[in-house]
Amino acid sequence: MSSEPVRTGTDSGENDTFLKRVGKFFLSGNVVIITLLAFVSALIIGAIIIIFATPSAMAAWDHFGQAPGAAFGQSWSAIANAYSSLFVGSIGSPARIVKAIGSGNGRALTNAFYPISETLVSTTPLMMSGLGIALAFRAGLFDIGGQGQLILGAIGANLAGFLMPGLPIYLHLPLAIIFGMVFGAAWGFIPGILKARTGAHEVITSMMLNYVGLNLLTYLLTTGLFQAPPRDQAVSKMVVATARLPHIAGPTLRVNLGFILAVVCVIGVAWLLQRSTLGFQFRMLGANREAARVAGVNINMQYIVAMTLAGAVVGLAGTFMVLGVDYQIAAEYGGNIGFDGITVAILGRGNPYGVALSALLFGAFTAGGRTMQVNANIPLQLVQVLQAVLVLFVAAPGVIRTIYRIRVRGAGRVFGGWAG
């Protein structure tokens with residue numbers, strides 16, 4: 001008599017149930033799936049652009065009829081080279097990192113972890129800029145004045161950084177950070193009070209304040225108070241050592257305490273929005289202004305508080321840049337980071353943790369894009385195309401659902417109410 005166990009089909013049924021659950025999760029169209037598919041779609045479009053930007057690949061496609069394999073091979077080689085360079089430039093070579101750790105050599109460790117350090121340096125201001133703008137989003141406000149708030153935060157931190165030499169670091173550094181927050185908060189307070197008192201739209205007022213802040217910086221860099229001697233260049237005086245954010249991975253890697261403080265700010269804003277009464281009022285106001293009014297929320301006061309807090313957080317972006325990396329400011333400081341924060345906030349769907357992840361992704365694109373340009377001879381503008389396409393798909397989830405035939409469920413909104 002055979003002792004072979006009888007198969008009941010339970011294992012097959014369990015596997016079938018698991019696969020059905022996976023398929024149901026994929027087809028549910030929730031935020032995670034939509035974002036992942038948007039990322040994959042952006043990479044596919046980027047791959048097509050890489051082929052067109054690579055002369056050898058295009059030359060192979062000219063002879064597709066005679067050698068189709070060569071066309072596909074050259075295209076794959078161009079795509080793999082570009083994306084691998086993007087990865088190595090933002091994260092580093094895994095083999096090189098393992099080898100450096102095994103050797104224990106300080107210079108080898110620095111070289112191996114340099115890409116990660118640069119990614120975190122690029123991530124820090126993007127995280128703070130996106131976080132402040134996302135905070136305003138949750139209150140139903142569209143803060144487009146991040147660039148001005150970043151510049152004012154940098155001005156405040158820079159001012160405190162060179163005006164008070166002689167203070168110990170445990171006093172000077174916190175004071176410089178507070179100055180940056182206060183200056184940024186003041187630039188957020190202005191559109192907040194204008195909206196509350198006069199009904200002026202925050203999009204218009206905050207956008208105009210970007211130009212005011214930019215030209216204010218240009219003027220200050222011509223004054224004896226700010227301009228570094230000799231007065232032949234429009235750059236500010238240097239932040240003294242006691243107001244600089246200490247490096248957290250050795251003096252040769254630029255990643256500094258600013259990144260740690262940015263992560264703390266993400267946790268703090270998440271707690272504010274999800275656990276506090278003020279955050280609940282912000283979310284209520286962003287979801288339905290009239291319902292918030294009926295519930296007794298002081299609408300005008302919340303506008304002022306939300307924009308002021310948003311300005312303070314975005315001001316920290318400029319603060320961390322000045323105190324942690326640059327140590328002085330010049331005309332048109334900050335590039336487009338204040339505007340990029342809008343993109344980061346949208347990609348993160350207004351959630352502080354989502355903003356942190358999207359800032360990390362954009363920081364990796366920024367750091368890795370330079371390596372891709374050098375190693376693969378791909379224009380740096382391709383990274384900007386990837387970012388734009390990614391945000392386009394995330395902001396318009398209906399496109400992703402149509403392409404991948406996903407049912408509408410749990411898509412959510414990035415923000416609401418600011419246009420109403």
Side-chain angles (χ1 to χ4, degrees), residues 90-92 97 101 109-110 112-135 146 149-150 153-154 156-158 160-161 167-185 239-275 309-310 312-327 334 337-338 340-341 344-345 348 351-367:
S90 58
I91 305 297
I97 291 174
I101 293 175
L109 287 169
T110 297
F113 285 100
Y114 179 79
I116 298 178
S117 171
E118 290 302 295
T119 293
L120 297 182
V121 168
S122 299
T123 297
T124 301
L126 287 169
M127 191 182 299
M128 298 310 302
S129 178
L131 189 63
I133 292 169
L135 195 156
Q149 292 154 17
L150 181 148
N158 183 243
L167 287 178
I169 188 171
Y170 58 84
L171 289 178
H172 199 178
L173 180 57
L175 276 175
I177 293 174
I178 291 171
F179 265 61
M181 286 183 63
V182 170
F183 275 55
V239 172
V240 300
T242 52
R244 297 180 181 181
L245 291 164
H247 292 199
I248 60 176
T252 53
L253 293 178
R254 297 200 302 164
V255 61
N256 54 72
L257 184 62
F259 176 73
I260 304 297
L261 295 177
V263 173
V264 172
C265 288
V266 168
I267 297 172
V269 171
W271 178 89
L272 172 71
L273 291 174
Q274 300 298 329
R275 301 291 182 181
L309 287 177
V313 174
V314 178
L316 284 175
T319 299
F320 293 158
M321 288 173 64
V322 169
L323 302 183
V325 179
D326 300 325
Y327 308 132
I337 292 176
D340 290 342
V344 169
N351 182 291
Y353 298 116
V355 167
L357 292 175
S358 61
L360 187 61
L361 176 64
F362 276 40
F365 278 162
T366 301

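Treat the numbers as computed from the prediction; the structure is a model and nothing was measured.
Listed by first and then second residue, the side-chain hydrogen bond (donor to acceptor under 3.5 Å, both in side chains) pairs that reach into residues 118-127 are E118-R254, sequence neighbours excluded. The list of salt bridge (charged side-chain N to carboxylate O under 4.0 Å, His left out) pairs with a residue in residues 358-367, not counting sequence neighbours, is empty. Listed by first and then second residue, the side-chain hydrogen bond (donor to acceptor under 3.5 Å, both in side chains) pairs that reach into residues 312-323 come to none, sequence neighbours excluded.
Partners of L175 according to the side-chain contact (heavy atoms from CB on, under 4.5 Å) rule, which considers only residues two or more places apart in sequence or in another chain, are M164, L167. In this view, F183 and L152, I155, L159, F179 satisfy the side-chain contact (heavy atoms from CB on, under 4.5 Å) rule, not counting sequence neighbours. For L109, the side-chain contact (heavy atoms from CB on, under 4.5 Å) partners at least two apart in sequence or on another chain are A100, I101, F113.
Side chains of V355 and V266 form no contact here, defined as non-hydrogen atoms less than 4.5 Å apart. The shortest side-chain heavy-atom distance between P168 and T242 does not fall under the 4.5 Å cut-off. Looking only at side-chain heavy atoms (C-beta outward), L309 and L272 come within less than 4.5 Å of each other. Side-chain atoms of L257 and H247, non-hydrogen and from C-beta on, never get closer than 4.5 Å to each other. Proximity of N256 to P246: side-chain heavy atoms (C-beta onward) are nowhere separated by under 4.5 Å.
Considering every non-hydrogen atom in both L253 and Y114, the closest pair reads CD2-CA, 3.7 Å.
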**Request:** Could you please spell out the steps behind the side-chain contact (heavy atoms from CB on, under 4.5 Å) verdict for L316 and I177?
**Result:** CA-CA 7 Å; L316 284 175; I177 293 174; 3.8 Å; yes
